Amino acid sequence: MTGGKSPVADEIRARLAALAPSTLEIIDESAHHAGHSAAAVAGESHFRLRLRVPSLAGASRIARHRAVHAALGPELLARVHALAIEFED
């Protein structure tokens, strides 16, 4: 597993461990959105996830996204303005 080093990225990584991803990349894209009305001054507001989750192989795109959202939980999702999720097969 690779990716960003930040408190939010670390929390994302810890929570997604429940899905046992074989690969996980967390990219903090917040700097690309600086000045945006919902962008936090400290960053950590826009993330892209690239992951492979063997247990979700064959599941629909909606089911995969729902599983990620459930693992992250509403409290963490409320702190992230934008979350892009890309699954590798």
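Keep in mind that this is a model prediction, so the values were computed, not measured.
- The two residues R52 and D89 make their nearest non-hydrogen contact at NH2-O, 2.9 Å.
- S30 places a side-chain N or O within donor-acceptor distance of the main-chain N or O of S45, the cut-off being under 3.5 Å.
- The side-chain heavy atoms of E44 and D28, taken from C-beta on, include a pair separated by under 4.5 Å.
- Counting heavy atoms from C-beta outward, I26 and R13 have side chains that approach closer than 4.5 Å.
- Other residues, nucleotides and ligands contribute more than 12 heavy atoms inside 6.0 Å of the CZ atom of R79.
- For the atom pair CG of L76 and CZ of R15, the computed distance is 5.0 Å after rounding to the nearest 0.5 Å.
- Within the 4.5 Å cutoff, no side-chain heavy atoms of V53 are placed close to those of L24.
- Side chains of I85 and H69 form a contact here, defined as non-hydrogen atoms less than 4.5 Å apart.
- The side-chain heavy atoms of L72 and V80, taken from C-beta on, include no pair separated by under 4.5 Å.
- Going from atom CG of L49 over to atom CD of E86 covers 9.0 Å, rounded to the nearest 0.5 Å.
- Side-chain contact between F87 and R61 is absent, with no heavy atoms from C-beta onward closer than 4.5 Å.
- Between L19 and A67 the shortest heavy-atom distance is CD1-O, 4.0 Å.
- The structure places CD of E11 at 9.0 Å from CD of E75, a figure rounded to the nearest 0.5 Å.
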